[in-house]
There are 2 protein chains.
Amino acid sequence: MSNRPVTVDDVAKHAGVSIGTVSRVINNAPHVSRKARDAVERAIDELGYVPNRTAQSLAGQRRGSVVLAISSDDPGLFANLFFAQVVTGVNAVVEETDLELQLVLAASDKGRARLSRIFKSRAADGVMLLALKENDPLSALAESSGLPVVHGGRSLDHEPRFYVDADNRGGAREAVEYLISLGRKRIATITGAQDQHVGVARYLGYREAVVLAGLDDSRVAHGDFTETGGEAAMTDLLDRFPDLDAVFVASDAMAAGALSVLASRGVQVPSDVAVVGFNDIVTAQHTTPALTTVRQPIDALGREMTRMLLRLIDGDTPTSLILPTSLVRRESA
Amino acid sequence: MSNRPVTVDDVAKHAGVSIGTVSRVINNAPHVSRKARDAVERAIDELGYVPNRTAQSLAGQRRGSVVLAISSDDPGLFANLFFAQVVTGVNAVVEETDLELQLVLAASDKGRARLSRIFKSRAADGVMLLALKENDPLSALAESSGLPVVHGGRSLDHEPRFYVDADNRGGAREAVEYLISLGRKRIATITGAQDQHVGVARYLGYREAVVLAGLDDSRVAHGDFTETGGEAAMTDLLDRFPDLDAVFVASDAMAAGALSVLASRGVQVPSDVAVVGFNDIVTAQHTTPALTTVRQPIDALGREMTRMLLRLIDGDTPTSLILPTSLVRRESA
DNA sequence: GCCGAAATTGGAAGCGCTTACAGAACCTTA
DNA sequence: TAAGGTTCTGTAAGCGCTTCCAATTTCGGC
């Protein structure tokens with residue numbers, strides 16, 4: 001066992017060909033005779049040769065890696081099932097290629113700086129960006145970098161060129177229509193942050209459904225997607241609209257908060273007030289009562305983002321995608 | 001704006017020095033005069049130069065990246081808060097360096113192959129391995145690769161050279177001692193998979209506490225860490241030991257299952273039976289009643305693994321770490 | 001104001017690969 | 001069988017950087 005790793009030269013020598021030929025075999029480029037190819041492949045096997053990615057990318061034009069970047073202000077945000085699931089989906093597709101997956105959590109300035117260096121120095125073949133801040137300077141940088149960039153979700157200020165998003169508006173609308181079909185008439189909503197596209201879209205879905213049914217859309221409290229935010233909003237709602245008979249909550253976390261407020265006030269769910277959440281995080285199965293909610297295809301989001309990025313890298317021009325949601329009926333509505 | 005990225009040569013020319021000097025400045029190596037350093041730094045600024053990582057690692061000895069690998073058989077496993085939190089911790093430390101973080105989910109053969117290529121071709125400066133299978137061939141490969149490797153958790157068959165683990169045994173023991181301090185006498189346990197170190201360690205902690213207190217340690221049902229496994233085990237326990245007054249459950253997921261069985265049998269928690277879980281996943285706050293559980297410092301696990309790896313890369317010899325757990329008291333005990 | 005040692009610098013040789021380019025080998029056709 | 005294509009193959013020039021070495025400069029002490 002030599003200590004020095006095996007290189008193309010070793011393979012070339014062993015196979016009795018030139019390094020050019022070895023390289024062609026590795027990249028299965030044309031213009032290699034059957035005989036030469038066999039010899040090289042045997043040599044690779046016998047020597048246990050593994051190409052040096054670094055050298056490949058320095059010499060060639062592809063970097064050999066894609067990055068998944070999460071840009072937000074909340075350092076704890078990644079500790080969230082949502083991202084874990086996105087990563088799973090991304091990985092499933094990346095795994096089929098020989099690309100490497102690089103993760104960048106751009107919650108801090110350091111993280112952001114790192115990401116912008118990647119853009120500037122084109123240190124990857126492409127980037128998937130989950131930009132959670134509105135007006136994220138990174139989005140602009142990403143677009144102008146010339147690197148293939150796929151966005152997860154949209155933002156209020158700017159529709160990215162290529163993105164994959166869930167049908168937040170449609171999902172919300174479906175949820176509310178379901179409540180209506182249950183005979184509920186005084187339907188409130190707890191919205192998510194209204195400075196984010198997702199928050200606005202779900203609110204819009206609510207209004208759309210309520211207004212189309214000729215119902216009152218004024219029972220609104222604004223939340224921030226967190227559990228405590230949900231508690232506050234539910235309390236507020238109950239105080240202002242004691243007559244409400246259903247609530248569409250723009251996230252499961254907020255819904256969990258809402259449920260506990262409802263319970264502590266002695267309000268029966270779903271008999272007195274029906275509750276529907278959004279996201280279908282695991283927790284939704286364990287609330288009391290189990291939460292009826294809108295499921296987002298999160299791993300599909302990851303998968304489709306990655307597929308889209310790969311096509312972009314290949315020079316294709318994919319079209320952005322809106323993934324359908326689905327209502328998961330449990331006990332709360 | 002030229003299209004060609006700025007290189008050392010450009011900087012050297014602009015600063016009126018040689019590329020050797022530029023390189024020294026970049027890597028802040030000694031033997032550079034104040035004057036030269038200033039000139040180079042100014043040039044870097046003015047030109048917006050960003051070193052090409054690929055070239056750096058090809059020329060130098062460091063790769064510039066570390067990998068976080070999760071080796072398991074369950075493709076869905078990563079979609080688990082545990083990993084998301086580990087990643088958060090890892091990222092926090094990696095972010096302080098100029099290393100890149102590469103993620104490898106080695107659940108499939110492809111993933112595993114990828115990981116072993118990394119080992120063989122030393123395509124990273126080091127790897128953090130969360131090997132969840134016992135007897136994972138990857139562990140052996142990792143050790144023999146000569147690359148710095150830090151393990152998260154231990155395995156039954158083999159104590160890794162460098163690892164970070166939670167104090168599973170001590171945490172379990174503390175949980176059971178707490179139940180004892182509550183006056184419970186007939187304490188059962190639902191164990192985790194007994195072919196994993198973590199499962200065995202928690203079981204050992206249970207026995208240690210129970211036996212030391214002179215109580216009976218025979219009320220045991222084996223689970224598999226899943227919710228349904230917890231349900232089955234709880235049912236079994238209730239049938240075999242109708243007199244039990246407490247259960248230490250080796251994971252929160254199983255505890256959730258146990259709680260629902262308890263509820264359906266009309267057993268009051270905690271008055272009839274006290275329940276303590278392990279892990280403190282988010283769900284633990286939302287069960288009914290809220291679950292008393294042992295918290296693992298998961299992000300600390302990620303952080304410490306990374307610190308350990310960095311030291312290893314620097315040529316130090318760190319010592320393995322066992323991180324303390326803490327009991328989180330909620331309503332179930 | 002001179003000497004040797006130490007600090008600084010430039011230049012060049014790679015790192016392991018890809019990719020023209022040009023030459024060699026092999027087929028076609030007439 | 002020779003001309004004119006094709007298809008292979010080897011060679012060499014980089015990719016952008018680090019680092020070694022030798023050359024140059026600087027500097028303290030006499």
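Note on naming: letters A, B, ... go to the chains in the order of the sequence lines (proteins, then strands), and numbering restarts at 1 for each one.
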Participant: Looking at every strand, decide which applies to A:S33 at a 4.0 Å heavy-atom threshold: base, sugar-phosphate, or nothing.
Facilitator: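 A:S33: backbone/sugar contact only, no base atoms under 4.0 Å.
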Participant: Just how far, in rounded Å, is P of C:dT8 from CD1 of B:I19?
Facilitator: 20 Å
Participant: What closest approach, in Å, do B:V90 and B:T306 show between heavy atoms, and which atom pair accounts for it?
Facilitator: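 Of all heavy-atom pairs spanning B:V90 and B:T306, the closest is CA-OG1, 3.3 Å.
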Participant: Taking only side-chain N and O atoms of A:S18, does any of them lie within less than 4.0 angstrom of OP1 or OP2 on D:dG10?
Facilitator: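 So the side chain of A:S18 is within the cut-off, an N or O lying under 4.0 Å from OP1 or OP2 of D:dG10.
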Participant: Contact class for B:V17 (heavy atom, under 4.0 Å): base, sugar-phosphate, or nothing?
Facilitator: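 Sugar-phosphate only.
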Participant: With nearest nucleotide decided by heavy atoms, which residue, B:H31 or B:A55, maps closer to the 5′ end of DNA chain C?
Facilitator: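 Result of the comparison: B:H31.
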Participant: Round to a whole Å and report the spacing from CG of A:N52 to C1' of D:dC15.
Facilitator: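 Spelled out: CG on A:N52 to C1' on D:dC15 is 13 Å.
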Participant: Given C:dC17, D:dT11, D:dC20, identify the nucleotide with an atom nearest to the side chain of B:R24.
Facilitator: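 Of all the options, the side chain of B:R24 is nearest to D:dC20.
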Participant: Rounded to the nearest angstrom, tell me the gap between atom NZ in A:K120 and atom P in D:dG16.
Facilitator: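 Going from NZ in A:K120 over to P in D:dG16 covers 18 Å.
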Participant: Regarding B:R112 and B:D109, does a basic nitrogen lie under 4.0 Å from an acidic carboxylate oxygen?
Facilitator: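 Salt bridge: yes.
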Participant: Among the nucleotides D:dT18, C:dT19, D:dT9, which one has an atom lying closest to any side-chain atom of B:N27?
Facilitator: D:dT18
Participant: A:R63 CZ to D:dC17 P: how many Å, rounded?
Facilitator: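 Rounded to the whole Å, the gap is 12 Å.
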Participant: Give B:A36 one of three labels, base, sugar-phosphate or nothing, depending on what nucleic acid heavy atoms sit under 4.0 Å from its own.
Facilitator: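 The answer is sugar-phosphate, as B:A36 gets under 4.0 Å only of primed atoms, P, OP1 or OP2.
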Participant: Would A:E143 and A:H151 count as a side chain to side chain donor-acceptor pair (under 3.5 Å) if you check the C-alpha gap in whole Å, the side-chain angles of each, and the deciding distance to 0.1 Å?
Facilitator: CA-CA 10 Å; A:E143 302 285 340; A:H151 290 253; 3.0 Å; yes
Participant: Rounding to an integer number of Å, can you tell me how far A:D98 CG sits from C:dC17 P?
Facilitator: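 Value for this atom pair: 15 Å.
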Participant: Quick test of your reading of the model: are B:D45 and B:R42 salt-bridged, counting only N-O distances below 4.0 Å?
Facilitator: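 No, no charged N to carboxylate O under 4.0 Å.
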Participant: Any base atoms under 4.0 Å from A:V22, or only sugar-phosphate, or nothing? Heavy atoms, all strands.
Facilitator: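 The answer is nothing, as A:V22 stays clear of every strand by at least 4.0 Å.
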Participant: Tell me whether the side-chain N/O atoms of B:Q61 come closer than 4.0 Å to OP1 or OP2 in D:dT19.
Facilitator: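 Answer yes for this pair, as a side-chain N or O of B:Q61 is under 4.0 Å from OP1 or OP2.
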Participant: Could you tell me the separation between the CG atom of B:D38 and the P atom of C:dT8, rounded to a whole number of Å?
Facilitator: 13 Å
Participant: Does A:D9 reach a base, just sugar-phosphate, or nothing at all? Heavy atoms under 4.0 Å.
Facilitator: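 It contacts nothing in the nucleic acid.
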Participant: Do NZ/NE/NH1/NH2 and the carboxylate oxygens of B:D299 and B:R303 come within less than 4.0 Å?
Facilitator: yes
Participant: Can you check the B:R122 CZ to C:dG16 P distance for me, whole Å?
Facilitator: 13 Å
Participant: Do you know which two heavy atoms are closest between B:V127 and B:F119, and how far apart they sit?
Facilitator: CG1-CE2, 3.3 Å
Participant: Report which part of the nucleic acid A:G20 touches: base, sugar-phosphate, or nothing (heavy-atom distance under 4.0 Å, all strands).
Facilitator: base
Participant: Over all strands shown, is B:T21 touching base, sugar-phosphate only, or nothing at heavy-atom distances under 4.0 angstrom?
Facilitator: sugar-phosphate
Participant: With sugar-phosphate meaning primed atoms plus P, OP1 and OP2, does A:P30 contact a base, only sugar-phosphate, or nothing at under 4.0 Å between heavy atoms?
Facilitator: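 No contact at all - A:P30 keeps every heavy atom at 4.0 Å or more from the nucleic acid.
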Participant: Expressed as a whole number of angstroms, how long is the span from A:K13:NZ to D:dT11:C1'?
Facilitator: 14 Å
